[in-house]
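Some notes on the structure that comes next.
Along the sequence shown, residues are numbered consecutively beginning with 1. Treat the numbers as computed from the prediction; the structure is a model and nothing was measured.
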Amino acid sequence: MRLRVRLLGRLLREIGLLRLALLAPVLLAAGGRGLILAAPHPQGQWAVPILTFLTLGSAHRQRADLRFLFISAPHFRRWLAVEYLLLALPLALVLAIFNDWGAALLTLMLPATAALLPAARDSRSTQHRARSLFRSEAFEWVSGLRGGGLWAWPVLLAGALWQHASPLGPGVALVAWLLVLLACYGTPEPVTMLVLAAHTPVQFLRRRLGLGVVYAALTAAPFFWLLAAGPAGVGGTVAVGVFWLGLVALLILTKYAFYPNATHIRTTQALVVGVALTLFAHPVYPVLLLVAVGGLIWQSQRRLRAVIGMVS
């Protein structure tokens with residue numbers, strides 16, 4: 001646990017004070033708003049333990065130190081369970097304040113079981129992997145969904161079907177699916193892949209955006225359909241769909257705006273999603289998001305131009 005605290009301190013130093021000052025309030029506001037909306041809801045409260053488990057489970061399977069822990073500490077999974085329980089404890093306390101005792105208990109129990117999940121790259125050998133439904137060019141989707149998205153999608157669809165009469169069910173599923181895509185686009189590819197695929201920065205970005213947005217639309221189509229069939233209607237669903245796909249495009253732009261620094265990519269992507277989820281909580285957030293759109297378009301082209309020129 002002391003090692004984890006030291007690693008957390010190193011990560012915070014790498015993020016920097018400026019990004020941390022922007023990121024922490026936005027994420028707290030977004031998470032707090034979601035909890036306040038979900039906790040009083042009879043069905044929405046159960047989305048909290050499910051989303052917590054999906055988030056921690058996906059992060060656990062992507063951990064780079066699982067093999068090291070397996071060799072050096074045979075009983076490491078019990079300590080990981082304690083670590084995940086501590087991370088979920090604040091969420092459970094908020095649910096307990098609203099007297100959601102069942103959801104609070106499940107929020108504590110499910111994250112602990114995430115420590116039993118195998119590492120993503122060890123779950124299946126390369127020779128026995130099934131052929132992906134996605135083009136190999138869309139490598140984020142191929143590797144990311146094998147790492148957890150393939151089992152998250154049917155779970156989210158089942159939850160959306162269960163709560164299809166309310167916009168909250170498909171809405172929560174869309175947010176959770178966006179978080180899955182956030183994990184897919186949070187890891188930069190090797191620079192050799194980028195150089196081989198790139199002609200010009202504009203052409204490269206158009207291709208990445210085209211593949212990403214099309215696959216995102218296809219996989220989110222059942223959630224949009226359930227949303228349109230409910231009280232949201234067709235008009236509300238179109239607005240939500242355009243906004244949601246726009247966020248996917250921003251995640252892709254953020255990846256290449258800060259390429260190849262994975263820490264800066266992930267923290268900025270989290271900041272973009274946090275601002276989007278709290279868009280109407282404060283008048284400054286829509287302006288901040290509009291500024292981010294223009295800045296990411298410019299910075300992603302500038303960064304790609306520098307990387308491609310440096311290697312070539």
Side-chain angles (χ1 to χ4, degrees), residues 7 10-23 26-27 58-59 61-64 120-121 132 134-149 177-216 244-276 288-312:
L7 290 174
R10 183 181 300 174
L11 177 63
L12 293 179
R13 287 194 299 272
E14 185 177 354
I15 293 173
L17 290 177
L18 179 58
R19 284 190 178 87
L20 197 60
L22 290 172
L23 183 65
V26 170
L27 291 185
S58 177
R61 300 189 73 221
Q62 300 295 330
R63 288 181 67 135
R121 56 183 175 274
S132 175
F134 305 100
R135 296 178 57 130
S136 58
E137 185 182 358
F139 53 87
E140 298 98 343
W141 288 81
V142 176
S143 60
L145 296 191
R146 278 176 178 165
W177 189 238
L178 183 68
L179 296 178
V180 173
L181 300 187
L182 179 69
C184 294
Y185 283 100
T187 303
E189 67 269 30
V191 68
T192 51
M193 293 179 61
L194 188 150
V195 174
L196 289 174
H199 299 289
T200 67
V202 174
Q203 292 174 337
F204 179 79
L205 283 175
R206 283 177 181 171
R207 186 62 180 168
R208 306 311 305 162
L209 288 170
L211 285 172
V213 172
V214 167
Y215 282 142
W244 190 86
L245 292 174
L247 283 179
V248 174
L250 284 180
L251 296 182
I252 299 172
L253 289 173
T254 303
K255 174 183 176 181
Y256 294 106
F258 295 93
Y259 180 92
N261 192 310
T263 300
H264 292 172
I265 290 173
R266 291 166 184 165
T267 52
T268 310
Q269 285 176 336
L271 181 61
V272 169
V273 173
V275 169
L288 188 60
L289 191 61
L290 286 175
V291 172
V293 171
L296 289 174
I297 293 175
W298 175 79
Q299 173 64 16
S300 58
Q301 295 183 31
R302 176 176 175 270
R303 185 60 186 158
L304 284 173
R305 193 176 296 111
V307 172
I308 294 172
M310 178 179 63
V311 176
S312 59

For the pair Phe134 and Trp141, name the ring-plane relationship: parallel under 30°, tilted 30 to 60°, perpendicular over 60°.
-> tilted
Measure the spacing between CG of Leu194 and CG of Leu304 and express it to the nearest 0.5 Å.
-> 5.5 Å
Hey, does Leu182 have a side-chain heavy atom less than 4.5 Å from the side chain of Arg266?
-> no
Between CH2 of Trp244 and CG of Leu181, what distance do you get to the nearest 0.5 Å?
-> 5.0 Å
Between CG of Leu247 and CD1 of Ile252, what distance do you get to the nearest 0.5 Å?
-> 11.5 Å
With sequence neighbours excluded, what pairs up with Tyr259 under the side-chain hydrogen bond (donor to acceptor under 3.5 Å, both in side chains) test?
-> none
Would you name the heavy atoms of Val248 and Gly212 that are closest together and state the gap between them?
-> CG1-O, 4.2 Å
Spacing of Arg303 atom CZ and Phe258 atom CZ [to the nearest 0.5 Å] | 10.5 Å
Heavy-atom closest pair, residues Pro188 and Pro260 | CG-O, 3.4 Å
Atom CZ in Phe204, atom CG in Leu209: separation rounded to 0.5 Å?
-> 9.5 Å
Check side-chain contact (heavy atoms from CB on, under 4.5 Å) between Val202 and all other residues, then give those that pass, not counting sequence neighbours.
-> Thr200, Arg206, Gln301
For Leu296 and Ala257 the tightest heavy-atom approach is CD2-CB, 4.0 Å
Nearest heavy-atom approach of Tyr185 to Gln269 is O-NE2, 2.9 Å
Search all heavy atoms of Gly186 against all heavy atoms of Ile265 and return the closest pair with its distance.
-> O-CG2, 4.0 Å
With sequence neighbours excluded, what pairs up with Glu137 under the salt bridge (Lys or Arg N to Asp or Glu O under 4.0 Å) test?
-> Arg135, Arg207
Mind checking whether Leu251 and Leu178 have side chains closer than 4.5 Å, heavy atoms only?
-> yes
Shortest non-hydrogen pair, Val142 vs Ser136, comes out as CG2-CA, 4.4 Å
Reported NZ-to-CZ distance for the pair Lys255 and Arg208, which is rounded to 0.5 angstrom = 6.5 Å
